[in-house]
Engineer: 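Quick one: this structure, given as structure tokens, is what I'll be asking you about.
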Amino acid sequence: MKASCYCRECQYFTGGQANTFMAMPASDFRYTLAQPKGFRRADLERGNLREFCPTCGTHIATRSASLPNAVILKVGTLDDPSVFGHPQMAMQTADAQCFQHVPEDIASFERFPGQ
């Protein structure tokens, strides 16, 4: 899955923009150089586990209870982000800010697909 999420939690972690990511099976993902540092917001009932580079602090991936068998990889952390191409969907658009652009040519969901 290739998507952009506009929820408030993602806006906090991106500094105000949508979170552009790709989700893949957790079984197909592994860290090769070091294990990440993790962070989960204690003020959220189902806060996601965010994984960061232990050296530079870059937000690399997210693990979500909503997608327990997936890793949500941040596109900006790829050596070549152009391999991402274009998102297939936009989700949580009900939380989008007036300065955020939601593409009109992709599937769009006010909340998560299926909710």
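Numbers for residues simply follow the sequence, beginning at 1.
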Engineer: State which residues pass side-chain contact (heavy atoms from CB on, under 4.5 Å) with Thr77; sequence neighbours excluded, sorted by chain then number.
Structural biologist: Thr58, Ile60, Leu73, Lys74
Engineer: Any donor-acceptor pair under 3.5 Å linking the side-chain atoms of Ser64 with those of Asn48?
Structural biologist: yes
Engineer: Looking at Gln100 and Gly16, would you say the former's side chain and the latter's main chain have a donor-acceptor pair under 3.5 Å?
Structural biologist: yes
Engineer: Which value, rounded to the nearest 0.5 Å, describes the distance between Phe52 atom CZ and Thr55 atom OG1?
Structural biologist: 14.0 Å
Engineer: Is any side-chain heavy atom of Gln97 less than 4.5 Å from a side-chain heavy atom of Tyr6?
Structural biologist: no
Engineer: Considering only heavy atoms from C-beta outward, does the side chain of Ile72 approach that of Arg63 to under 4.5 Å?
Structural biologist: no
Engineer: Between Ser4 (side chain) and Thr20 (backbone), is there a donor-acceptor pair under 3.5 Å?
Structural biologist: no
Engineer: When rounded to the nearest 0.5 angstrom, what is the spacing between SG in Cys5 and CD in Gln17?
Structural biologist: 13.0 Å
Engineer: Relative to each other, are the rings of His59 and Phe13 parallel, tilted or perpendicular (30° and 60° limits)?
Structural biologist: tilted
Engineer: Quick one: does Met91's side chain get under 4.5 Å of Val102's, heavy atoms only?
Structural biologist: no
Engineer: Measuring from atom CG of Leu78 to atom CZ of Phe84, what distance do you get when rounded to the nearest 0.5 angstrom?
Structural biologist: 9.0 Å
Engineer: Looking at every non-hydrogen atom in both residues, tell me the closest pair between Val75 and Met22 and how far apart they are.
Structural biologist: CG2-N, 4.2 Å
Engineer: Among Arg8, Arg111, Gln11, find the one that has a side chain to side chain donor-acceptor pair (under 3.5 Å) with Asp95.
Structural biologist: Arg111
